[in-house]
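Notes follow the structure.
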Amino acid sequence: MGTGNKDTELAPRFQPQAFESKTYAHWWDQGYFGADRHAEADTYVIVMPPPNVTAELHMGHGLNNTIQDVLIRWRRMQGRQALWVPGTDHAGIATQNVVERQLTAEGKTRWDLGREAFVERVWDWVRETGGTILDQLKAIGSSADWDHTTFTLDPGPSRAVREVFVRLYDKGLVYRGHYIVNWCPRCATALANEEVEHEDTEGSLYYQRYPVVGEDTYVVVATTRPETMLGDTAVAVHPDDERHKHMIGKTVMLPLAEREIPIISDDFVDPEFGTGFVKVTPSHDPNDFEIGLRHDLDQVDIFHPDATMSDAVPERFRGKDRFAAREGVVEELKSKGLLEKVEKHAHSVGHCYRCDTVVEPRVSDQWFVKMKPLAEPALDAYRKGEVRFVPEHWGGVYENWLSGVRDWCISRQLWWGHRIPVWYCGSCDAMLVRREDPTTCSECGSGELQQDPDVLDTWFSSWLWPFNTLGWPEETEDLKRFYPGHTLVTAPEIIFFWVSRMIMAGLEFMGEVPFNDVYLHGTVRDHTGRRMSKSLGNGIDPLEVVRIFGADALRFTLTNGMGIGADLQLNNEDLEESFHVGRNFGNKIWNAMRFALPHLEGDVDPLPDPDQLELADRWILARLNSAIREVTDDLERFRLHEAAAELYRYFWNELCDWYLELIKPRLYNESDAEARGVARSVLREVLDLSFRLLHPIMPFITEELWQRLPNRAADSIMISAWPQPVAEWEDAEAEAAIGQLQETLGAVRNIRSEYNVAHGRQIDVMIRAAEAPLLRALDAEGDAARRLGGIGGLSFDGELHGAEATAVLTSGAEVHVPLEGLIDLERERARLDKQADELRNLVERSEKRLASEDFVKKAPEAVVAQSRDKLEGLKEQLTKVDEKRRALDAH
RNA sequence: GGGCGCGUAGCUCAGCUGGCAAGAGCGCUGCCCUUACAAGGCAGAGGCCCCUGGUUCGAGUCCAGGCGCGCCCACCA
């Protein structure tokens, strides 16, 4: 970086704590996170799913933001004007609940404080804790443009909310209605359908007798909620129900309440269920509400907002909680002989998604958004391919939901949030829907205006996120330049809440979808498979992981571990087990550089002409090319786990295990400056490009090490160019040669290991029937090969005596190791027999395949040819193994 | 009631458009503190790819059915 740490000595261990925060601060100071709205390049925009403003970072955030940062860093390196827009959400109901819980602990309620003081108290809490999470995101390396940080209650987004409300109202898409909605008695507010979580519950079905007026008989209704009978205003049967249709028009006496209610007929009733008679409670059941409208039934609201019984019920029940009332009702019915029976009954019960209280359907005045007109374009856009989902099947979920979408209840009886921009005139009853606060009534001039007490659903501001963060409704430069964006990274559970609504809002207000790709990642789980959550106490604190293992280890582990659309399991009881792979990989990278650095002192020439390169150089460049191709392709297809795995494999098993070892002879040989120079140039180049490939996933260590490389092309790896494959680096010849060398050394090492040849002891190796690639490799990399195999004398095509350990390679080349005194003939026979068995097996399979006329005729020619070659090779291997085995017998 | 996902080594999982002599990490076994790395190196053991049928020259991969797990939606009185 600017200061340029040029130490050639690195600490022997990777210690991320030593540089991560310093590196991050430097990036920010240099302004690398911002996109230039005036630059020519194509943009790449991600809007961050805004975490709740008072949230603390958990692994879900860690995963979500790591993915986004990988994509942003990669696209930025590709030269796109990459903008990642961060921010926080006021999270109406969630935040209000937190503060209410604080009040509860103090023995107070929000009503004790009053609206103004309560909201001020929430603001205090937000000021105290808000934004913490953004700092925590920085600790994991997030390169969001913090200058664009937005809070959903900021003046801009607040203006946007009003603008949207008024526009939709003017279009008739926002309306006020007296409907039955989901009501949370604890939060004392309405909820949208999506905010209700259904849980299967083993409940009871109560069969209750309602005496028929004027007759000595009764009808039996079945219900899971006996207490609601106090609000019944009818009993219904199906119009075609032969058993019961004669009852239509009669009247029953509602027990306990002692009210007379009619028997009516309605198509809704399923004659198969229960007795065929249904109690109708228009105030407390969505279906009954509809029936009530059709038949003009009374609505008897038997609950207070907190679900205690209201004055509409007989005095003895008043004030009781709904569940206590249920018991009371059941007891009384039983004692009066009006409870026929009780059956077990499985059904699902709705719970508030924020406090888990059982939701109560309740009739009230609420504001709604008419969804159909907004949903149609959103469906179209999806069907035309303007929005794609990864994994694809989520598109079906999106489509399904939008196709059957119901109107969206957007008013909340909360105090924390965007106030509904509607005023009611106290003198002429006019309703004013305004962008700006009115002071007088436009109808009558009165100043007696009361603003609607409710606030808007949090998602009513979130759905504008892709453009309200860019200044909308102002026609800002940002908006023109950075809308529409490109990728949304989030979890599948908010497809309904957020993803689909953003698409609707984008189309409605901007005329374009807000992003093209929706990447949906899985859930982080603990080692027992449970979702990690605060309430379960099984979470892992990402910051603790950063402290112990570093942000890069965290990021690598998350990226590498999260298969596309799959969940990620981590062990919250053993952080070492979960994160050491990432940490170890960091250490490997660190040590590769630690090895390389002393060899890169002084001037390092650029890559020489191809004809000056050694075989190993050509090989690593070809392998690097392949890594560039694969990693880029994986990122393009959101296959981050495969990108990570490929990088791990390439860097560790090719670059470190082989290339660094192969060039050691040249690097250590000071007497051949030219050969050493070539190795240094290639080493520098390969590390440079490898660090760049690694950078999106492991930004800190790559920056730290890249800064120490000579001949850097940029001030920071963050803004260096993403590697491109180089056509001249393709080199099948080098790949074949080194490939055969690897197999040869593998065979030698295997023999050493099988015969427990001491590590320091050199052995002679004789190779017979080597093909050109292997000869070439042994010629070019002989010194290294000797070192890696602990080989003393290397000879070719000599006489066999029988007392050698032998391996036959796939090319047919034979590796013989004379082991005077060490060789155990029995053991060697067994080795060869095992090898021969395996080969015979393969030969058999291969022959069988080729013997099939269908295969030869129908399979592609290349496949058949490959199969023939393979068989030939196998046979040759087998022959040689057999030969050697016979020679051993003769010995 | 409808829909979706998953079932591959002891564990956690890759395996994308069918060509696999089925992979990785951890764990396990043996040898090695070889001057980049013991957070390491080298060598190895370990698999009815859930079951049954089908399509195909060829199935871990595609199709159908079954079993087992998980999730989502639904006006389940």
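The chains referred to below are lettered A, B, ... by the order of the sequence lines, with proteins before strands, and numbering in each begins at 1. In this text the structure is predicted, and so the values were computed from the model without any measurement.
- Among the heavy atoms of the strands, none lies under 4.0 Å from A:Asn400.
- Side chain A:Lys857 to base B:C57: no donor-acceptor pair is found below 3.5 Å.
- Base-pair partner of B:C42: B:G30 (Watson-Crick or G-U wobble, both distances under 3.5 Å).
- If you check every strand for non-hydrogen atoms under 4.0 Å, A:Gln569 touches sugar and phosphate atoms only.
- Shown here for A:Arg322 and A:Glu227, the closest heavy-atom pair between the two residues is O-CG, 3.9 Å.
- Donor-acceptor pairing under 3.5 Å, judged by distance alone, is present between the side chain of A:Glu661 and the base of B:A36.
- The side chain of A:Lys588 contributes no N or O atom lying less than 4.0 Å from OP1 or OP2 of B:G25.
- A donor-acceptor distance shorter than 3.5 angstrom exists from the side chain of A:His244 to the backbone of A:Thr275, with no hydrogens or angles considered.
- Within 4.0 Å (heavy atoms only), A:Asp270 reaches at least one base atom of the nucleic acid.
- Rounding to the nearest 0.5 angstrom, the gap separating the CZ atom in A:Phe585 from the CG atom in A:Leu647 is 6.5 Å.
- Of the nucleotides present, none pairs with B:G60 by Watson-Crick or G-U wobble criteria with both distances under 3.5 Å.
- A:Phe289 comes within 4.0 angstrom of nothing in the nucleic acid, heavy atoms only.
- Judged by distance alone with a 3.5 Å cut-off, no donor-acceptor contact links the side chain of A:Arg749 to the base of B:A43.
- Among the atoms of the strands shown, none is found under 4.0 Å from any heavy atom of A:Arg787.
- B:U29 and B:G65 are spaced 46 Å apart, taking the P atom of each and rounding to whole Å.
- Figure legend. B:C71 is base-paired to B:G3; pairs are counted as Watson-Crick or G-U wobble with both atom distances under 3.5 Å.
- Each of B:A74, B:A21, B:A36 was ranked by its minimum atom distance to the side chain of A:Asn591; first place goes to B:A36.
- A:Ser403 comes within 4.0 angstrom of nothing in the nucleic acid, heavy atoms only.
- A salt bridge does not link A:Arg629 with A:Glu646: every distance from a Lys NZ or Arg NE/NH1/NH2 to an Asp or Glu carboxylate oxygen is 4.0 Å or more.
- Nucleic acid contact class of A:Lys344 (heavy atoms, under 4.0 Å, all strands): none.
- The residue A:Val581 sits close only to the backbone: its heavy atoms come under 4.0 Å of sugar-phosphate atoms, none of a base.
- At a threshold of 4.0 angstrom between heavy atoms, the contacts of A:Lys848 with the nucleic acid are absent.
- A donor-acceptor contact under 3.5 Å is not formed by the side chain of A:Arg752 with the base of B:C42.
- Residue-level contact check: A:Arg761 touches neither bases nor backbone, having no heavy atom under 4.0 Å from any strand.
- At the heavy-atom level, A:Ala596 lies nowhere under 4.0 Å from the strands shown.
- The side-chain tip of A:Lys664 points at the ring of A:Phe595 from less than 6.0 angstrom away and within 45° of straight on.
- Base contact: A:His347 has a heavy atom under 4.0 Å from a base atom.
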